[in-house]
Student: 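A single structure is presented below for examination.
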Number of protein chains: 4
Amino acid sequence: MPKIVDREEYRRTLLLKSFEVFAKKGYAALSMRELAKELSVSTGTLYHYFPSKQELFEALVSHYSMLEAEKITPLVAQNLSLAEKVKLIFAFIEEYETAFRHWTAILFDLERAGLKEIIEGSAWRRSNELYSQHLKQILATDDDDIINFVMIYICGLVVHRIERGDEISLVEQEKLLLQFLQARIK
Amino acid sequence: MPKIVDREEYRRTLLLKSFEVFAKKGYAALSMRELAKELSVSTGTLYHYFPSKQELFEALVSHYSMLEAEKITPLVAQNLSLAEKVKLIFAFIEEYETAFRHWTAILFDLERAGLKEIIEGSAWRRSNELYSQHLKQILATDDDDIINFVMIYICGLVVHRIERGDEISLVEQEKLLLQFLQARIK
Amino acid sequence: MPKIVDREEYRRTLLLKSFEVFAKKGYAALSMRELAKELSVSTGTLYHYFPSKQELFEALVSHYSMLEAEKITPLVAQNLSLAEKVKLIFAFIEEYETAFRHWTAILFDLERAGLKEIIEGSAWRRSNELYSQHLKQILATDDDDIINFVMIYICGLVVHRIERGDEISLVEQEKLLLQFLQARIK
Amino acid sequence: MPKIVDREEYRRTLLLKSFEVFAKKGYAALSMRELAKELSVSTGTLYHYFPSKQELFEALVSHYSMLEAEKITPLVAQNLSLAEKVKLIFAFIEEYETAFRHWTAILFDLERAGLKEIIEGSAWRRSNELYSQHLKQILATDDDDIINFVMIYICGLVVHRIERGDEISLVEQEKLLLQFLQARIK
DNA sequence: AATGAATGAGGTTTCATTCAT
DNA sequence: TATGAATGAAACCTCATTCAT
């Protein structure tokens, strides 16, 4: 028997640590050599668990979208008023703002590096669809355009707050989004 | 009379052509050799006019952000219905989507490099305020929160379309934004 | 009774299977991982039985060269016409072509490594002489120059077919060699 | 203007030096780094002149087959008896025996490395065809099978003499080849 | 001013081999 | 004995950049 290792478990461990490193350096600027050093393993080990840099990264996207999805799930079950639901969404945004920024930073890095294939790859898409579906359940609507509007808005909120910080009043923005949704839903 | 070569003029010519190439290939995926070939000059010439790839790219973005600001101005003067104004905003977004992306990419670069001072610095702020003021004039409102909401939304639209492309129906989104504004303005 | 595992026997089993794999993929193009997978064992097991890839390969070639010598023997006893003898020689060449190639590849390895002493050593000579003597018996001649000519020709045929493959018509070549021998032998 | 270099001339210089290095080390065992070091240039320079290791090697094959072809050409023009022609062929073999060995060693290296693509590539084929055509002219025959027979024989002679050295009497072999050809040609 | 040859560090990936289990 | 995880050197190749001309 070889060194005892739960292959899947160790893969997860590597992905967990990798996320922070990718968030710090981006995709294109992070070499496999450097990632290996940060994870304190050899490049060979990295390639033992993941067939290529791209697949490693896609596994990371898959894995994290699941983790974050689990965090948002509890919101779905509860029976709340629209105002309370929007409040919950904003609370969630505030809590995971940093993670959202990392993801978006990586998105731009991929775009600039000409790696559209990854963005269009299934892992990233699935992650996006997951969020969409959660939003649908929370807001109890089937209108895709509304959902897209809210996704777009959340995305913009996170990015724009990099530039403007707390000049953007979350309290007022929450009111505006609520007003918009009240006019449209139900 | 000697042939007068305006150094600045030639730099601009190079940037002009470069923009298209960067837009097509992205930043990391475009090598200086390839760029030089596309511009029909030598790599040496490129380095004669720009000290590095990064500075060339930054000069390009800053050059273009000015051009864009100038282009949006004419819209302000016209007397249009709200529906027509929103249509104009969307037309503008569609036309300059690529430029917006590059601009936002720079934002993330700066954030990642810890150069918040530049984001908070005057040039970046002024650019943002310029857009805000244009929006205020176009929409004929003084409500900062509304303007912020629209800015956030536009920002999100551009970013989200990187991920989702034409899955996001601009026609439907335009309707939704119009509805939101109609309820709030006037 | 404990299960008796004959180490030497298992080595031979591994070599036997390895030969086919090497014949298909060549030496450098075949990694130990791939070989292990083809043999349905682990890389560790391979290294348990052979100290290195090279030694495994050399063991393989030396093992097979013996097998060949044994196989050619039966041909000698038969009483055949010259045409039939030449046909047999060609059939033999065709069947063991791959093995001949490996054998010759080893020869060049040794030459390049400056290990002329091995080529001039007894094992290699004996192997050569064995083939010579077989040829003498098959062709029923004592003329060393003729035998050398045929040995040279066979050697060249195998090597040249690496370059030219089936462009070299074995049927025609067989006719030519037969003609040559008919003119010289009796 | 850049450093003044006749690109084609310098390519030839690099190929010239490369031949010796490839002959010494073989194809698979010679890395581009090592080759660069032997040529006293950087790897970058190597890739500046040749797009890949394989193409460099194929250029080398092309180049050398031409050089050697030029050496053999003078033989063609002369009006000689068959005996004299065969004598010339043997004289040529003797003179270039070392080069032939190098080529054949490289051939085996390629085969073992699984690089059949190179052998089947046009450069190597063309080189072979060149020799064939020269032989045709020298021997004044159009019979491809005869030419192949002689090519095979020459190839075998060179290889077999590695094993047997001067035990193989060139004088006797020359006589035998002459006899064979006299029976077949005219 | 303009060229493109030259550099060499660094990119991703493969591989023979070792060793804890 | 047998396993396969782990290693890290080294493979081919690309690239931003420098510099002689």
Side-chain angles (χ1 to χ4, degrees), chain A residues 1-7 10-11 28-37 40-56 113, chain B residues 2-3 5 7 10 28-37 40-57, chain C residues 2-3 5 7 10 28-37 40-57, chain D residues 1-7 10-11 28-37 40-56 113:
Chain A
M1 245 181 298
K3 250 166 258 183
I4 286 170
V5 164
D6 180 335
R7 212 169 192 285
Y10 194 50
R11 260 178 72 107
L30 180 64
S31 74
M32 288 296 263
R33 265 212 268 271
E34 190 177 355
L35 178 59
K37 188 175 286 179
S40 307
V41 298
S42 65
T43 57
T45 298
L46 237 45
Y47 279 90
H48 184 67
Y49 286 96
F50 305 95
S52 70
K53 184 186 181 185
Q54 184 167 324
E55 292 209 25
L56 185 158
Chain B
K3 204 182 200 175
V5 176
R7 193 180 157 81
Y10 193 50
L30 181 66
S31 73
M32 288 296 262
R33 257 217 273 279
E34 194 177 352
L35 178 60
K37 188 175 282 179
S40 306
V41 298
S42 66
T43 56
T45 300
L46 239 43
Y47 278 89
H48 185 68
Y49 286 97
F50 304 95
S52 73
K53 185 188 181 185
Q54 184 169 321
E55 294 208 23
L56 186 157
F57 183 69
Chain C
K3 206 179 198 177
V5 176
R7 194 181 157 81
Y10 193 50
L30 181 66
S31 71
M32 288 296 262
R33 256 215 274 281
E34 193 177 353
L35 177 60
K37 188 175 282 179
S40 306
V41 298
S42 67
T43 56
T45 299
L46 240 44
Y47 278 90
H48 185 68
Y49 285 97
F50 304 95
S52 72
K53 185 187 181 184
Q54 185 170 320
E55 293 208 24
L56 186 158
F57 184 69
Chain D
M1 246 181 299
K3 251 165 256 185
I4 287 170
V5 164
D6 180 334
R7 211 169 192 289
Y10 194 49
R11 261 178 70 108
L30 180 63
S31 73
M32 289 295 263
R33 261 214 272 275
E34 190 176 355
L35 178 60
K37 188 174 284 178
S40 307
V41 298
S42 65
T43 57
T45 298
L46 236 46
Y47 280 92
H48 185 67
Y49 286 96
F50 305 95
S52 69
K53 184 187 181 184
Q54 183 167 324
E55 291 208 25
L56 185 158

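Chain A is the first sequence line, chain B the second, and so forth, proteins listed ahead of strands; every chain is numbered from 1. Given the structure is predicted, the values throughout are model-derived calculations rather than measurements.
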Student: Ignoring hydrogens and angles, does a donor from either the side chain of C/Arg33 or the base of E/dT14 sit under 3.5 Å from an acceptor on the other?
Tutor: no

Student: Is there a side-chain polar atom (N or O) of A/Thr43 under 4.0 Å from OP1 or OP2 of F/dG8?
Tutor: no

Student: Please check: side-chain N/O of C/Arg33 versus main-chain N/O of C/Thr43, any donor-acceptor pairing under 3.5 Å?
Tutor: no

Student: If you only use heavy atoms from C-beta on, which nucleotide in E/dA1, F/dC12, E/dT18 is closest to the side chain of D/Met32?
Tutor: F/dC12

Student: Side-chain N or O of B/Thr45 versus OP1/OP2 of E/dT3: is the shortest distance under 4.0 Å?
Tutor: yes

Student: Please determine if a side-chain N or O atom of A/Tyr49 lies less than 4.0 Å away from the OP1 or OP2 oxygen of F/dA6.
Tutor: yes

Student: What's the OH-P distance between A/Tyr10 and E/dA20, to the nearest Å?
Tutor: 16 Å

Student: When the distance from CZ of A/Arg11 to P of F/dA5 is rounded to whole Å, what number comes out?
Tutor: 12 Å

Student: Between A/Phe50 (CZ) and F/dA6 (P), how many Å, whole number?
Tutor: 11 Å

Student: Considering just the side-chain nitrogens and oxygens of D/His48, establish if one lies under 4.0 Å of OP1 or OP2 belonging to E/dA5.
Tutor: yes

Student: To the nearest angstrom, how far is B/Lys53 atom NZ from F/dT14 atom C1'?
Tutor: 11 Å

Student: How many Å lie between CD on B/Glu34 and C1' on E/dG4, as a whole number?
Tutor: 17 Å

Student: Taking atom CD of C/Glu34 as the centre, report whether more than 12 heavy atoms of other residues, nucleotides or ligands fall under 6.0 Å from it.
Tutor: yes

Student: Of B/Leu30 and C/Leu46, whose nearest nucleotide on DNA chain F comes first from the 5' end?
Tutor: C/Leu46

Student: Kindly say whether C/Ser42 contributes a backbone atom to a donor-acceptor pair with the side chain of C/Lys37 at under 3.5 angstrom?
Tutor: no

Student: Expressed in angstrom and rounded to an integer, what is the separation of D/Lys37 atom NZ from F/dC12 atom P?
Tutor: 14 Å

Student: Does any non-hydrogen side-chain atom of D/Met32 lie less than 4.5 Å from one of D/Leu56?
Tutor: yes

Student: Hey, does D/Phe50 have a side-chain heavy atom less than 4.5 Å from the side chain of D/Thr45?
Tutor: no

Student: In whole angstroms, how far is the C1' atom of F/dG4 from the CZ atom of A/Arg7?
Tutor: 9 Å

Student: Which whole-number value in Å describes the distance from A/Tyr47 OH to E/dA16 C1'?
Tutor: 18 Å

Student: Counting Watson-Crick and G-U wobble pairs only, both distances under 3.5 Å, name the nucleotide matched with E/dT3, or none.
Tutor: F/dA20

Student: Whether B/Ser42 contacts E/dG4 is assessed here as follows: a side-chain N or O lying under 4.0 Å from the phosphate OP1 or OP2. Is that the case?
Tutor: no

Student: Does F/dA11 have its OP1 or OP2 closer than 4.0 Å to a side-chain nitrogen or oxygen of D/Ser31?
Tutor: yes

Student: Relative to the 5' end of DNA chain E, which residue comes earlier, A/Ala29 or C/Gln54, by the nucleotide with the nearest heavy atom?
Tutor: A/Ala29

Student: For E/dT13, which nucleotide in any strand shown is its Watson-Crick or wobble partner with both distances under 3.5 Å?
Tutor: F/dA10

